[in-house]
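Because the structure is a prediction, the values reported are computed rather than measured. We're numbering straight along the sequence, starting at 1.
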Amino acid sequence: MGVWDGVLALWCGVFGFLALAGYGRSLAGVTTAQRTVRTTGRIERVRRPRDGGSAADGIDVVVGFRDPSTGEEFTVTNDGDCGDRITAAWVGREVGVRYPPGRAHAFRFTGDLQAGRRGLTLPNSALFMVYAGLVALASVHWGWPWALVAVGGPVAVAAAFALPGERDRGRERLAGLTAVQPVAGRVVAVLTTVSRDADGDLQTSRTPVVAFTTHQGVDVTAYYPPGLADSAVGRGQELTVHYSPEDPAVFTPDLDATRKSWRENTGCTVAVLVLTAAAALTGAALLWLPV
């Protein structure tokens, strides 16, 4: 056995053990995620961001929630590290809250209460590392075309399954945005975030904050939608806002740009499907066709 064989065997063994241990803990119901208390809170107050402030912490809100086991009521804010950022807020909006049993003060906000409930994130990651090790081992022993088949094939299958759902979600999103007449909105602040890139250079990004009132009288404060050009958007600017009546957090001040973004995302998925399928077929051809 060569050095690489030993390294890859050890790699697969360690991550395989971690995967089995993680799945065993999940089946026993003792993972941290399974023991975590999950409940729904509601936003009680919203404070509009200060112009020039940081976008890192989300919109300042006050949230009330009830411990499902004790019935005790809690009122908290999202100061500091509180899990997922709240980028769209209005009084009465539901917010997911999770925390360790008996430690409501250690709460975290979450946009999806169902995500990670079984505690399979780490074992799934470990299983992927085992798969990567096996692909590398096959490539070392039988040639690099195996890597094309082993990597391109599963990714192509995943993209093929994801494409119809992504297409349907995009259509549903656009249908929701055009379901009701648009409303007037206004940019109430422009936030800035300063960070360092891999080279240590400072980078500054801007995030406009939009306020609008729905036809039902709900006052919404939200970050400008990601993926849309915002360099020319300034404080005090008036906007025409298209929003989903089912979820006002889904909105756009530029319907044409949103349509274009959706088509580009779908096109990227199609490109991934084509490229990975081609890579897998090329690998298969190199392995089995006579040369």
Side-chain angles (χ1 to χ4, degrees), residues 19 22-23 26 31 33-34 36 38 40 58 83-89 93-98 108-132 135 147-180 182 214 220 222-230 241-284:
Y23 290 128
S26 178
T31 66
Q34 289 171 313
T36 295
R38 300 169 188 265
T40 300
D84 294 349
R85 287 192 311 172
I86 295 178
T87 58
R93 185 187 187 189
E94 292 187 344
V95 177
V97 183
R98 56 183 176 82
R108 292 290 184 271
F109 294 133
T110 176
D112 185 358
L113 278 175
Q114 302 304 316
R117 292 185 68 96
R118 299 177 61 189
L120 294 178
T121 301
L122 290 179
N124 285 344
S125 299
L127 185 62
F128 172 79
M129 299 304 286
V130 172
Y131 180 74
V135 170
L148 291 178
V149 175
V151 175
V155 174
V157 171
F161 276 101
L163 183 59
E166 182 174 330
R167 181 186 58 208
D168 292 342
R169 284 191 296 272
R171 289 175 176 173
E172 290 174 2
R173 178 187 175 93
L174 290 173
L177 291 173
T178 56
V180 297
T214 69
V220 180
Y223 285 4
Y224 201 82
L228 300 185
D230 60 12
V241 176
H242 300 263
Y243 72 94
S244 170
E246 300 297 327
D247 182 7
V250 179
F251 75 97
T252 180
D254 191 336
L255 198 56
D256 290 337
T258 299
R259 287 195 182 98
K260 181 181 178 181
S261 177
W262 169 63
R263 293 192 188 102
E264 289 176 348
N265 290 339
T266 303
C268 287
T269 304
V270 172
V272 169
L273 171 60
V274 171
L275 291 174
T276 53
L281 291 173
T282 299

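Considering every non-hydrogen atom in both Phe251 and Val241, the closest pair reads CD1-CG1, 3.8 Å. Scanning both residues, Val272 and Ala159, for their nearest heavy atoms gives CG1-CB, 4.3 Å. The shortest non-hydrogen separation linking Pro245 to Val180 is CG-CG1, 4.0 Å. Taking each heavy atom of Gly111 and Asp84 in turn, the nearest pair found is N-OD2, 2.9 Å. The minimum heavy-atom distance between Ala88 and Ala249, with the atom names listed, is CB-CB, 3.7 Å. Here the closest heavy-atom approach between residue Leu273 and residue Ala156 is recorded as CD1-O, 3.2 Å.
With sequence neighbours excluded, no residue satisfies side-chain hydrogen bond (donor to acceptor under 3.5 Å, both in side chains) with Glu172. Among residues two or more places apart in sequence or in another chain, the side-chain hydrogen bond (donor to acceptor under 3.5 Å, both in side chains) test is passed with Thr40 by none.
Taken to the nearest 0.5 Å, the SG atom of Cys268 stands 11.5 Å off from the CG atom of Leu163. Remark: Leu122 CG to Tyr23 OH distance equals 10.5 Å, nearest 0.5 Å. Taken to the nearest 0.5 Å, the CZ atom of Arg38 stands 7.0 Å off from the OG1 atom of Thr110. One finds the CG atom of Leu148 at 11.0 Å from the OG1 atom of Thr276 (value rounded to the nearest 0.5 Å). Note that CZ of Arg117 and CG of Asp112 are 9.5 Å apart. Values are rounded to the nearest 0.5 Å. Atom CG of residue Asp254 and atom OH of residue Tyr224 lie 6.5 Å apart, to the nearest 0.5 angstrom.
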TODO: Check step by step if side-chain contact (heavy atoms from CB on, under 4.5 Å) holds for Thr258 and Arg173.
DONE: CA-CA 10 Å; Thr258 299; Arg173 178 187 175 93; 4.2 Å; yes
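Considering only heavy atoms from C-beta on, Val97 comes within 4.5 Å of Phe109 through its side chain. Side-chain atoms of Leu120 and Pro123, non-hydrogen and from C-beta on, do get closer than 4.5 Å to each other. No side-chain heavy atom of Pro226 sits less than 4.5 Å from a side-chain heavy atom of Thr87. Annotation: side chain of Pro225 is in contact with side chain of Pro253 (closest heavy-atom distance under 4.5 Å).
Checking side-chain atoms of Ser26 against main-chain N and O of Arg118 turns up a donor-acceptor pair under 3.5 Å. Judged by distance alone, the side chain of Tyr131 and the main-chain N or O of Ala150 form a donor-acceptor pair under 3.5 Å. Between the side chain of Arg93 and the main chain of Val220, no donor-acceptor pair closer than 3.5 Å is present.
Applying the ring pair (Phe, Tyr, Trp, His ring centres under 6.0 Å) test to pairs two or more places apart or on separate chains, none has a residue in residues 253-280.
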